[in-house]
Amino acid sequence: MELTLGVLGPTVVLHDGRAVAVGGPAPRTLLCRLVIAKGRFVSIDALVDCLWPHDPPPSARITAQGYLSVLRRALEPGRLPRQPGRVLIRDGAGYALRLGSITLDADRFGTAVTQGRDLLADGDARSALVRFDEALALWRGPAYADCADHEFVVAESQRLQELRTGAVEHRLAALIALGAHESAAAQLRAFLAEHPLRERGWALLAQALYRAGRQGDALAALRDARTRLMDELGVEPGPELAEVHHDILDQALTLVPAPFPDRGDAARSSGNLPHSISTLVGRVGERQAVSDLLSRHRLVTLTGAGGMGKTRLALAVAGARRDADGPWFVELAGLHEPSVLAGQLCAALQITGTGGIDTLIAALRSRAMLIVLDNCEHLAAAVGALVSALLSACPQVRVLTTSRQSLRVDGEHLFEVPPLSSGVEGEAVTLFVARAAAVRGGWSPGAQERRLIARLCAALDGMPLAIEFAAAQCRVLSPRQILEHLDDRFALLAGERTSSRHTTLLGLMDSWYELLNDAERESLQALAVFEGGFALSAARAVTGRSDILVDLTSLVEKSLVTVAAVVNSDDRRYVMLETIRQYAVRRTPVERRAALGARHTAWIRELADIAGDELRGPGSATWMRLLHLESDNVRAALRRASAAGDTAAVLRIAGGLYWFWFRQGRVDDGLHYLEPALRQADPRMLEHALLARAAMGLALLRYVSGARGQVAEALAVAGRHGAATEDPGVRARVLATIAYFEAADGAAPAAARHATKALALARSVGHHATAAEALMCLGEAQRRSGLAAQAQATLAAALHEADRCGHGWATVSVLWLLSKIELSLDRPGPAAVLVRRMLEEAHRCADTTGWLVSVAMSAHLMARAGRAEDAVELLSTVRSLGDRVGYQAEAMDAELAGYLAEIPSGSPPEGFAAAEARGRDRSVEQTMAWLRSAPPFGDQRLEGVLSPAISSEVTVPDVRAQPTHPRAAGRR
């Protein structure tokens, strides 16, 4: 096992290239102190002094030894207790590092610099440049960064920094020797801005400028050097500057730029890719996909939102290639003038000459290389034109660009970089844990904390940059606290990173926002009112702009809005990452934000008005799927209306959507807003029909939630306002809902009476869906009274009515009641036929609760047919999927609970345990496929099940004298 220590930046310990936790600042400080001792023993007192130089605590020696134990575990993870140390050794009262077993980055740096100097002196500038690049790539920050303020580290840190500065100068001298004069001059100006008193740097700048044909600039540089030295130090320039000045005046230096040099194979493969400080987490599939694209196409653009990791992915792909002369990396983020784009490429590729496109093409015409152009969005048109010209003339050149928008040129193939994979074991959580462990000394979260981190990463859109900023906050906050404060993520994730181009998340957002024109900014602000996505029709309705598609297309092109296909539809849906959405909201003026919110709430209110009836008709499946897509927007509108005290809006939205929540088992969505709104509602100010609908919804949602004792209260409110309204359709629905619960509770006479009234009212106004529900409740009252034949006839009429108007929920419910009658008559074959149809209908209608009941009934029938293992498997699926939506079918219906109790349970045999495991992991679609392909578990003939044929005119029997069913039970 190779042990590597890194001190050229924050202290790191690597075992075979993988970082291990060293502990907090104290163990790192001790490690640095031992490294500087260069193998000599350091007494425990000296180590205490470096930790507490002024006032050590009484337990200092014991504490220091504890830190040394932590350090030893990091350096020697496989060491057994009491085994002699191999790396960190002790002799008496002192400690030392056995350096022979350690690779130290500072030593590697010094060796590479020495080799580079020797190669440069021997005239091999190309090899020297490679060695200097390798040496400088080892630096990750200031030397001994973890303890830079400690006295013991100052001298060694200064020595290494001086060596680093000299290495930069030698590297630039190598560039000049290779003819890369313009590139060297540009880099020397940046170098001298930081080190204005380095005479050799000024001499090299003058040489580079002169050899690039800029004699006047060279002499001006020498004048600047003399001024700086006189002003700062009061001395004249030294011999080296004087000699360069003399050579320039005598024109003793070569003026002709050297051609792009021919390189050996080793040099060709080196390129100039920057070395990453941290490892790339995941992205295995993306790396392969982009590599495959590059193998087939010569221009590939990585698109996606800022912070999604486009650059890291491009570097990983480029680093894995083996082109003859590359790969090369060109950073364009700081370039804002298109006219100097070709010159920027020439400088980065070390091509000398005029720096125009012709020079670039002449140098690369016969080269086989990959060029990575990073951050092209602000120069997309200019980059596209240059790349087109380059690829047309240079057949062996390939280009990989990163850009938030397409270059829009022929031959370009786009790859949108997706978010990191989600889930507890996904890439997003892995990245968060890795980065958090780096600041928390090897922190390793447990299973529960990983689940919370998964939620946090999902809230951060799986965006690598945002996740890394959040992980850095683990020094101060727990993952739970970070998640709780994400409402203002730009303040929370404001910590700066000096080693990244994106120093803050807000800075990243600002950079792309400035690239938008005024129309795009206004459209982005308007569309940010949507949560969870939107359709084109919704965008037009809320923004009030019929031409919104123009700006929407532009925002999609610039990776600010993502296009998503809608399942089972040709439509498209548009989604904005939450981080981008919150930023856009932040940039929206308060007055405009309020106006957009009001339009959005009005749109949801109108959607709910339509949904109330559509959910009970033939289009219910389409509306169920639509409302599922719009759930986030519904919650946003309810939250906004509730905060504004707009009780009428809350009740109107909830009154239209409660049927969706009821059928999907989404109890919390409704109860959170319905209960307080109904408490606060003033009946004198609101319509009775509005209050009646909301109260019906509250009753159904309380029932599904298990709050059976509170259902009667809501029904009383619904009944009171239903009786007061002049809308017969609403009165009919209220009476049917009351009958529904009365029948479930065994109050058969009352249920029959209310169902009969509901049926008459519904038929008087042509409300077929309510008529079907009323007939269903009447049939259930008859069944509970022991009148099986009458119940079958009434339920057959209900089924006919439900089928005729497309009321899928009523169809499913009636089929369930009919199957119960068949089971009570000991006829499992016909019951199985009914349950099979019930299953298909519930699936077609996207009726979650009805589908779960259907599968549960299928499990019971399989058990009765002797297929116990299949029954156990299905029951496991029902309970697993029910847990996900918060709905347990057997808890809602005592008869169903009795059916399922007959299925083997407790400590099952090994086969049952395997069946339970299979069932837990099965999805809805997998379950449907399995049931459709499974052998039949009942008679497939429907004849006799619904006979005798019943007309739509139903005679209501007198059930008052009949005994009620002994078991009062609920229903879905």
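Start at 1 with the first residue, then count along the sequence. FYI, side chains are in, hydrogens and waters are out, and symmetry mates aren't considered; it's all heavy atoms of this structure.
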Short N-O contact, Arg784 and Glu895, less than 4.0 angstrom = yes
inquiry  = Check this for me: Arg455, atom CZ, are more than 12 non-hydrogen atoms of other residues, nucleotides or ligands nearer than 6.0 Å?
reply    = no
ask   = Above 12 or not: heavy atoms from other molecules or residues under 6.0 Å from CD of Glu520?
value = yes
ask   = Cut-off 3.5 Å, side chains only: do Ser631 and Asn633 have a donor facing an acceptor?
value = no
message = Checking side-chain contact (heavy atoms from CB on, under 4.5 Å) between Arg640 and each of Ile604, Val529, Asp646, which is the one that passes?
response = Val529
task = Decide if atom CG of Asp609 counts as having more than 12 heavy atoms of other residues, nucleotides or ligands within a radius under 6.0 Å.
result = yes
query = Could Arg521 and Tyr513 be counted as a cation-pi pair, given that NZ or CZ must be under 6.0 Å from the ring centre and within 45° of the axis?
reply = yes
request  = Ignoring hydrogens and angles, tell me if any N or O in the side chain of Arg844 forms a donor-acceptor pair with the backbone of Ala621 under 3.5 Å.
outcome  = no
inquiry  = Between Glu925 and His843, is there a side-chain donor-acceptor contact under 3.5 Å, judged purely by atom types and distance?
reply    = yes
ask   = How about Glu742 and His754: does a side-chain donor come under 3.5 Å of a side-chain acceptor?
value = yes
ask   = Thinking salt bridges, do Glu773 and Arg733 make one under a 4.0 Å N-O criterion?
value = no
query = Does Glu606 have any salt bridge (charged side-chain N to carboxylate O under 4.0 Å, His left out) partners at least two apart in sequence or in another chain, and if so, which?
reply = none
Donor-acceptor contact below 3.5 Å, side chain Arg693 vs main chain Arg652 = no
